[in-house]
Asks: 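Structure provided below as structure tokens; questions to follow.
The basis for the numbers below is simple: all heavy atoms, side chains too, and nothing from hydrogens, waters or symmetry mates. Sequential numbering from 1 along the given sequence is applied to the chain's residues. Here the structure is a predicted model, which means the values were calculated and not measured. In listed order, ligands and their atoms are each counted from 1.
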Amino acid sequence: MQSIIQQFFDYQQLISLSPFGTGHINDTYRLEIVEAGKPHTWLLQRLNHNVFRQPEAVMQNIHLVAEHLAAQPYLLKILAPKPTRSGHWLHHDEAGNYWRVFPFFENTETYERVETEAQAHEAARAFGAFAKALNSLDASQLHPTIPGFHDGEKRLADFLTALENAVPERLAEAQPEVDIILHNQLIFKKIADLNLPQRAIHHDTKINNLLFDASTHRAAPTPVGVIDLDTVMPGIILSDFGDLVRTSVSLADEDEADLTKIQFRKPIYDALLEGFLSEMGGLLTPAEYSALPLAGPWLTLMQAVRFIGDFLVGDTYYKVKYPKHNLVRGRNQLALFEGT
Ligand code: GN1
Ligand code: MG
């Protein structure tokens, strides 16, 4: 790691380096280093270039969004990248990996699941504030860094291809889930046919992509910042509200194998809706507003399609901790879909 760290910092000043976080895609490290005589903490991250095929475009998006947020009346902290010492957003190392550095916000914590209505309200308000601050950014200035990322019809088409190329034993095992997906596939066309406006969208508004103030009460915490801007790109508002619903309304997170723990908590949903609308309400078009109830089911089914599709072809996209991990996640998402 020495030569990588050296691109951003004076390596001689390094205090510590340790793996950090729970993301499925990138590898993240927490780095402590002395700068101008004082210890500072940063995040060093390897960007997964198998997922993000245009790393430079990802960084341009993040930079543009960070600059735009900074020019708005936006109160949350902004995850602006730190350039290399030679002025680039990325260091491309000899092994072909791409590295970048972000600020580390001290005294913050992330939650893997929502426990109280106040948490749900504040989380939705924070992502709503993020969307509101980006309302004035022309989405066509952002690169679609993962083409068709939340295009349900494309995800379904890819899933049908995965069915054709499936590992036979895996297909046999996932057949009930495959049937549920095929049975419900029309929701993807229904949303596409609405032709909702393209906006600058976060696209990964899971609850653990929010930093909360660690010194406030866990039951009713204060959001500090929206993180993980890798998938900021043009999209529809249902992506951001939908992923909030997907990751917040259930008692269990997406890795939970015990399906009895998966339930739709209506009071949490109501708090999400109220929190999101408290920021974005006045900016939604009538079509966006009336489609909001479909956001959760649409995004949750799409996530099931992605997990099961990846299981079928042998886990090539998501990091897995055990052989059936993606199947378990997919079953979990289908149970949630059926509850939404
Ligand atoms: C991935 O890496 P992470 O956890 O931030 C994925 C999201 C999925 C999510 C499911 C680029 O996000 O789209 O919703 O896993 N990101 C990408 O947990 O595919
Ligand atoms: Mg992410």
Asks: Under 4.0 Å from a heavy atom of Tyr317: give me the atoms of ligand 1 that qualify, with their elements.
Replies: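 Contacts of ligand 1 toward Tyr317, numbered from 1: 11 (C), 17 (C), 19 (O).
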Asks: With respect to Asn209, determine whether any N or O atom, backbone or side chain, lies less than 3.5 Å from an N or O atom of ligand 1.
Replies: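 Looking only at distances, the answer is no, because the N/O contact criterion of under 3.5 Å is not met.
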Asks: Which ligand 1 atoms are under 4.0 Å away from a heavy-atom of Glu254?
Replies: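 Heavy-atom distances to Glu254 below 4.0 Å select 10 (C), 18 (O).
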Asks: Any chance the side chains of Gln60 and His143 put a donor and an acceptor closer than 3.5 Å?
Replies: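 Looking only at side-chain atoms, His143 and Gln60 do form a donor-acceptor pair, the distance falling under 3.5 Å.
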Asks: For residues Glu254 and Lys206, determine if any side-chain heavy atom of one lies less than 4.5 Å from a side-chain heavy atom of the other.
Replies: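 Yes, close enough: below the 4.5 Å cut-off.
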Asks: Between Asp243 and ligand 1, does any nitrogen or oxygen pair lie at a separation below 3.5 Å?
Replies: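 Among all N and O atoms of Asp243, none is under 3.5 Å from an N or O of ligand 1.
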Asks: Can you sort out the partners of Phe8 under ring-ring contact (aromatic ring centres under 6.0 Å, His included), two or more places apart, ordered by chain and number?
Replies: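 Testing Phe8 for ring-ring contact (aromatic ring centres under 6.0 Å, His included), a comparison that skips the adjacent residues, returns none.
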Asks: Would Arg246 and Gln333 count as having a side-chain donor-acceptor pair, cut-off 3.5 Å?
Replies: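 Yes - a donor-acceptor pair under 3.5 Å links their side chains.
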Asks: For ligand 1, note which part of Arg246 has a heavy atom under 4.0 Å away: side chain, backbone, both or neither.
Replies: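 The side chain, only.
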Asks: Could you tell me whether some N/O pair between Tyr318 and ligand 1 is separated by less than 3.5 angstrom?
Replies: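 No, Tyr318 has no N/O under 3.5 Å of an N/O on ligand 1.
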Asks: Under 6.0 Å between ring centres, would you say that holds for Tyr322 and His325?
Replies: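 Yes, ring centres under 6.0 Å apart.
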Asks: Can His203 be said to touch ligand 1, with heavy atoms closer than 4.0 Å?
Replies: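 No heavy atom of His203 comes that close to ligand 1.
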Asks: Parallel, tilted or perpendicular: which describes the rings of Tyr29 and Trp99, with under 30° parallel and over 60° perpendicular?
Replies: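 Answer is tilted, since the angle falls between 30° and 60°.
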Asks: With sequence neighbours left out, which residue pairs that include part of residues 270-289 fulfil the ring pair (Phe, Tyr, Trp, His ring centres under 6.0 Å) condition?
Replies: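 Ring pair (Phe, Tyr, Trp, His ring centres under 6.0 Å) check on residues 270-289 returns Phe241-Phe276.
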Asks: Which ligand 1 atoms, with their elements, are less than 4.0 angstrom from a heavy-atom of Phe52?
Replies: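 Within the 4.0 Å cut-off of Phe52, ligand 1 contributes 11 (C).
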Asks: Report yes or no: does Arg329 have a heavy atom closer than 4.0 Å to ligand 1?
Replies: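 It does not; every heavy atom stays at 4.0 Å or beyond.
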Asks: How does Asp228 reach ligand 1, if at all, at less than 4.0 Å between non-hydrogen atoms: by side chain, backbone, both, or neither?
Replies: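 The part of Asp228 near ligand 1 is the side chain, not the backbone.
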Asks: Under a 4.0 Å heavy-atom limit, does Thr231 contact ligand 1 with its side chain, its backbone, both, or neither?
Replies: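 The answer is the side chain of Thr231.
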Asks: Can you list the atoms of ligand 1 that are under 4.0 Å from a heavy atom of Ile25?
Replies: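 It comes down to these atoms of ligand 1: 1 (C), 2 (O), 16 (N), 17 (C), 19 (O).
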Asks: Where is the tightest heavy-atom contact between Ile62 and Leu79, given as atom of each residue plus distance?
Replies: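 The pair with the smallest heavy-atom distance is CG2-O, 4.0 Å.
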